[in-house]
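Here is the structure we will look at.
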Amino acid sequence: MAAERDSDVRAPQAVSSDGAVYETATGRAEAHYYHFSHDKAGMGSVDKAKVAAVVHSMSEGSSFYRNEERRDARIQQQIEGMRRRWQALREGGLELEGAAATARRERAAMETRRRLDRVWVVVDMDMFFAAVEMRDKPELRDQPMAVGGTGMLSTANYAARKFGVRSAMPGFIALKLCPSLVIVRPNYDKYKAAAKLAKQVFRRFDPQCVALSLDEAYLDVTDAVSRKLGGLPAAEMAAFHEAVWDVVAAIRRDVSVATGGLTCSAGAAPNAMLAKIASDMNKPDGQCLVPFDAGSILGFVGALPLRKLPGIGRVSETQLGGLGLRVVADVRDEAARLHCVLSPRMATWLHRVSLGIAESGRSGSEAGAQYRRKSISLERTFRDEGSLAALQATVAKLASKLSLQMQGSKAAAEAGSSGADGRQAEAGRAGSEAGAAEDDGVQAARPPRGHVPGFFGMADSDSDSDDAGRPKVRPAMRGRTVTVKLKLASFKVLQRSATLAEPTNSAEVISAACKRLVAQESERFKAAHGGRPLVLRLLGVKMHGLVFDDDVDEEERAAAGHMCKLDDGSDEDDGADGGSPERADSAVVGQGRRPVLRAVLDERLRQMRRHSQQSQQQHPAKRARRQPGGSSGQRSLSGFVSIS
DNA sequence: ATACATACC
DNA sequence: CACTGGTATGTAT
């Protein structure tokens, strides 16, 4: 989480090639838009050692903590293996020389693909949930507060952060750190309403903007910047940067006005990855512009701690740290060696992002590609339970709930409150924000679709209409593979899956399959543990291998004897158009149609995550992934700016 | 195809 | 009191 800086009237800044922040000549625009300043403290004044001690004392000896220790031990072991390989690489050795050649070729090819002709902006609402609560209850404003429950927090305001309270922190630990902390239960409807207002602003700057979560959006503002430049060739880079700066300031100002004073932070850059990183650098209530030239970009990314890269989480950071790599420039310098120690994908991905290169086009969506979810799941945490009958009852409930969601909006609507289960309306969802600092980690990223109010205590997670008020159609789907997730009382997680002969969304079929898997595992556990029962703290049911009813192919249409033409070209999440469920980056389906919103979102997710993950075994970290070729047909700014 | 692990919000 | 929930994807087997 970017160190919180004070926020009032920050001069426009950009980062120069050495990673330092410089001022542009564009101070005025935001000077009068931004007013209040959260005290700069943020986490800056937190006594980290003390916080760590408290957190540790609260966790020590718990099942959770013991599980974490096992996990850490495993990771450390992997790192040992990596380190040995790393050190065994000899200068001048065959392997390393070969890798060096690969890395050189790779870099040259990547530089070829660098694009500086699109302007991306990532907007991130500041401590979103908490900000909404504070806006609506002034008495909370000067009070340390967080949104969530005693189990888990979603987000905390800055007063609370001073005590070390963070997103994704269990509420009971937060209360130890800050006894006066006020924990407010989430009011998702309010957050959604606020997000909707913000989105209306985003749409004015980019009609195809994508909301990645309630509190975060991605915008391609290239056209808005062009307009700002009024068609005049902004031969000067400074004038171009100023225009970008002003557009971002305008977005933030308008969001604040539209939402009744909520603030946001934003980053602008030639690609979404850089914009995302930049959005975190001047929060809260600030913005950061990454200059549109390769030299500055290399300096900017090079100085970043690896953890700042979307896709590098706690584990990858630790692994790379074990090799002595701390900032992005380190991996750039060690690209060859990394090719010898990491999986090819991970190595290539790291190399590419270390150069600040990422997809900058709108890709798939522009060709009318359609987003289709790959899986749908529900899971539930409960008190340790060792009775198989009780566990199976939960499985049945999850299965029927999932079945309902898979049957689309009609089924969900008809189900009404029957699915009830009001009793478990507990904490519902809470924190987010894996691990480290980062933004505000408002999680509720994507409300489960077809969610029936009340089941998990998240009332009305999805409204019946989209942002434009059109009725939302949630397509029915079936899945071929069912997976049950079991979290033991020890926090160890197991998963067992089975592929069915036919795709289904029947509650009975799903339930039966899941129960069988759970029963099997229960037996296996008893056999292996001298008859001790399998005690769980969580059960989950997931389906993948999905086929959508509105996504049938030609033969099916013919056989069904009707046209499944549901898509009107609107940006419905799941309009039908016969697109395949896979990526269709190059599929030129429906040229003139508006891209499906979700497809764009999917694109963003890919760009940011594609690279995450890694796996333990031998290869420590993430992977890489080549992006589909840059999309064409986009207006370029090259007429306005000289691109180096 | 299955299992596990990581990441993101 | 008490360490979430949902989706995606990489890697290994």
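In the text below, chain A, chain B and the rest are named by the order of the sequence lines, each starting its count at 1.
Checked by distance alone, A/Ser59 brings a side-chain donor or acceptor within 3.5 Å of a matching partner on the base of C/dC3.
Residue A/Gln495 contributes atom CD, which lies 13 Å from atom C1' of C/dT7 at whole-angstrom precision. In this structure, the CZ atom of A/Arg524 is 13 Å from the P atom of B/dT2, given to the nearest Å. In this entry the distance linking CG of A/Asn67 with P of C/dT4 reads 11 Å, nearest Å. Summarising the geometry, the separation between CZ on A/Arg383 and P on C/dC3 is reported as 11 Å, rounded to the nearest angstrom. Whole-Å rounding puts the A/Leu177 CG to C/dC1 C1' distance at 16 Å. As a whole-Å value, the separation of A/Arg166 CZ from C/dC3 C1' is 13 Å. A straight line from CD of A/Glu216 to P of B/dA7 spans 17 Å, rounded to a whole angstrom. Taking atom OH of A/Tyr218 as the reference point, atom P of B/dC9 lies 7 Å away to the nearest angstrom.
For A/Ser377, whose side chain is taken as the heavy atoms from C-beta onward, the closest listed nucleotide among B/dC9, B/dT6, C/dG6 is C/dG6. Set against B/dC9, C/dT4, B/dA7, the side chain of A/Lys487 has C/dT4 as its closest nucleotide. Distance from the side chain of A/Ser497 is smallest for B/dT2 among the nucleotides B/dA7, C/dG5, B/dT2. Of the candidate nucleotides C/dG5, C/dA2, C/dA8, C/dG5 has the atom lying nearest to any side-chain atom of A/Thr381. Taking every side-chain heavy atom of A/Arg496 into account, B/dA3 is the closest of B/dA3, C/dA8, B/dA7. Closest approach to the A/Arg71 side chain among B/dT6, B/dC9, C/dC3 is made by B/dT6 (side chain taken as heavy atoms from C-beta onward). Among C/dG6, B/dA5, B/dC9, the nucleotide with an atom closest to any side-chain atom of A/Glu379 is C/dG6. The listed nucleotides are B/dC9, C/dT7, B/dA5; the one nearest the side chain of A/Ile376 is C/dT7. Proximity note for A/Met152 (side chain, C-beta onward) versus C/dC3, C/dG6, C/dA8: the nearest is C/dC3. Closest to the side chain of A/Val315, from the set B/dA7, C/dT9, C/dA2, is B/dA7.
Taking the six-membered ring for Trp and thresholds of 30 and 60 degrees, A/Tyr191 and A/Tyr188 have ring planes more than 60 degrees apart, a perpendicular arrangement.
Heavy-atom neighbours of A/Lys50 NZ from other residues, nucleotides or ligands within 6.0 Å: at or below the threshold of 12. Atom NZ of A/Lys176 is surrounded by 12 or fewer heavy atoms from other residues, nucleotides or ligands within 6.0 Å.
Proximity of A/Arg74 to the phosphate of B/dT6: a side-chain N or O atom is located under 4.0 Å from OP1 or OP2.
Counting non-hydrogen atoms under 4.0 angstrom, A/Thr483 reaches nothing in the nucleic acid. Within 4.0 Å of A/Leu175, counting heavy atoms only, lies no atom of the nucleic acid at all.
Each of A/Thr481 and A/Val493 lies near DNA chain B, and the nucleotide nearest A/Thr481 is the one positioned closer to the 5' end.
Listed by chain and number, the residues in a side chain to side chain donor-acceptor pair (under 3.5 Å) with A/Thr259 amount to none (sequence neighbours excluded).
Counting only residues at least two apart or in different chains, side chain to side chain donor-acceptor pair (under 3.5 Å) contacts with residues 52-62 of chain A comprise A/His56-A/Tyr65.
A salt bridge is defined here as a Lys NZ or Arg NE, NH1 or NH2 lying under 4.0 Å from an Asp or Glu carboxylate O, and A/Arg83 with A/Glu80 meets this definition.
Panel note: side chain A/Arg474, backbone A/Gln405; no donor-acceptor pair is recorded below 3.5 Å.
Applying a 4.0 Å cut-off to non-hydrogen atoms, the residues of residues 536-544 of chain A that approach DNA chain C are A/Arg537, A/Leu538, listed by residue number.
A cation-pi arrangement, defined by a distance under 6.0 Å to the six-membered ring centre and an angle within 45 degrees of its axis, is absent between A/Arg66 and A/Phe491.
Rounded to the nearest Å, the gap between the P atom of C/dT4 and that of B/dT6 is 16 Å.
Looking at A/Asn505 and A/Ser403, their side chains never bring a donor and an acceptor atom within 3.5 Å of each other.
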